[in-house]
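Count residues from 1 along the sequence. The model shown is predicted, which means the values in this text are computed figures rather than measured ones.
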Amino acid sequence: MDIENQKTDIEIFPHRLLGCETTEKLLCDFENIEAVNRIVLHGRRLPLEDGEEPRFITIKDERIDLHVKTGRVLIEIITTEIEDPDAFHDRIREICTQHLPFGFNMTEGTFIRKKKTVSDGLKYGENLDHVPDEMVGLTDQNVLVSERATIIKK
């Protein structure tokens with residue numbers, strides 16, 4: 001847990017890869033929880049066939065191209081916004097049970113980087129100071145941030 005900012009992460013590891021519809025429903029329900037600060041999707045990259053439309057999901061009326069077949073969902077939460085930790089975890093578990101009937105594992109810990117690293121400095125160089133803090137830890141340093149991450153404001 002990040003003591004300074006009172007942030008921790010929850011990893012949801014579904015027992016199957018998620019399709020676009022399931023991913024969208026899960027994210028919409030998580031987004032309605034006040035303590036959720038940001039959500040990161042991990043998974044296998046979705047290949048695009050010639051002429052095939054990119055897959056997308058809609059969150060808060062914003063269309064987002066989905067580049068991965070979701071295999072893990074990382075949720076960063078602000079612990080100071082949680083009054084009852086047990087009720088909060090039960091709510092997360094309830095949402096997962098509703099959308100992931102095939103099962104899932106849920107783990108609390110630190111899964112998303114919280115600070116800029118040397119690798120970030122090498123990738124972005126002088127532009128590192130212009131990378132928003134909410135983008136830290138969200139994307140592979142070998143690709144452009146704009147190609148792999150989308151910020152949706154609360």
Assess, by modelled atom type and distance only, whether the side chains of Thr79 and Thr8 contain a donor and an acceptor separated by less than 3.5 Å. no
Connected via hydrophobic side-chain network under 4.5 Å: Phe13 and Ile10: no
Of all heavy-atom pairs between Pro14 and Gly71, which one has the smallest distance, and what is that distance? CD-O, 3.2 Å
Side chain to side chain contact (heavy atoms under 4.5 Å, CB included) with Arg44: which residues, sequence neighbours excluded? Leu17
Answer yes or no: is there a donor N or O on one side and an acceptor on the other, between the side chain of Asp9 and the main chain of Leu74, under 3.5 Å? no
Counting N and O atoms only, with roles assigned by atom type, does the side chain of Asp65 sit under 3.5 Å from a partner on the main chain of Phe56, one being a donor and the other an acceptor? no
Over all atoms of both residues, closest heavy-atom pair of Val36 and Phe30: CG2-O, 3.5 Å
Going by side chain to side chain contact (heavy atoms under 4.5 Å, CB included), name the residues that satisfy it together with Asp61, two or more places apart in sequence or in a different chain. none
Taking all non-hydrogen atoms of both residues into account, name the closest pair between Val68 and Gly43 and its distance. CG1-O, 3.7 Å
If you look at every heavy atom in Ile59 and Cys28, which pair is closest and at what distance? CD1-SG, 3.8 Å
Side chain proximity check, Leu26 to Phe104, heavy atoms < 4.5 angstrom: no
Take His89 and Glu108 through the side chain to side chain contact (heavy atoms under 4.5 Å, CB included) test and state the conclusion after the steps. CA-CA 10 Å; His89 285 90; Glu108 186 170 337; 2.5 Å; yes
Name all residues meeting the side chain to side chain contact (heavy atoms under 4.5 Å, CB included) criterion together with Asp90; count only those two or more places apart in sequence or in a different chain, and write none if there are none. Arg93
Applying side chain to side chain contact (heavy atoms under 4.5 Å, CB included), run through Asn105 and Ile12 and close with a yes or a no. CA-CA 6 Å; Asn105 295 342; Ile12 308 298; over 6 Å; no
Looking at every heavy atom in both Ala35 and Ile82, which two are closest together, and how far apart are they? CB-CG1, 3.7 Å
Pairs in or reaching into residues 10-24: which pass salt bridge (Lys or Arg N to Asp or Glu O under 4.0 Å), with residues at least two apart or in two chains? Glu11-Arg72
Leu27 and side chain to side chain contact (heavy atoms under 4.5 Å, CB included): which single residue from Ile64, Thr22, Thr70, Ile57 fits? Ile57
Which pair of heavy atoms, one from Glu31 and one from Ile39, lies closest together, and at what distance? OE1-CD1, 4.1 Å
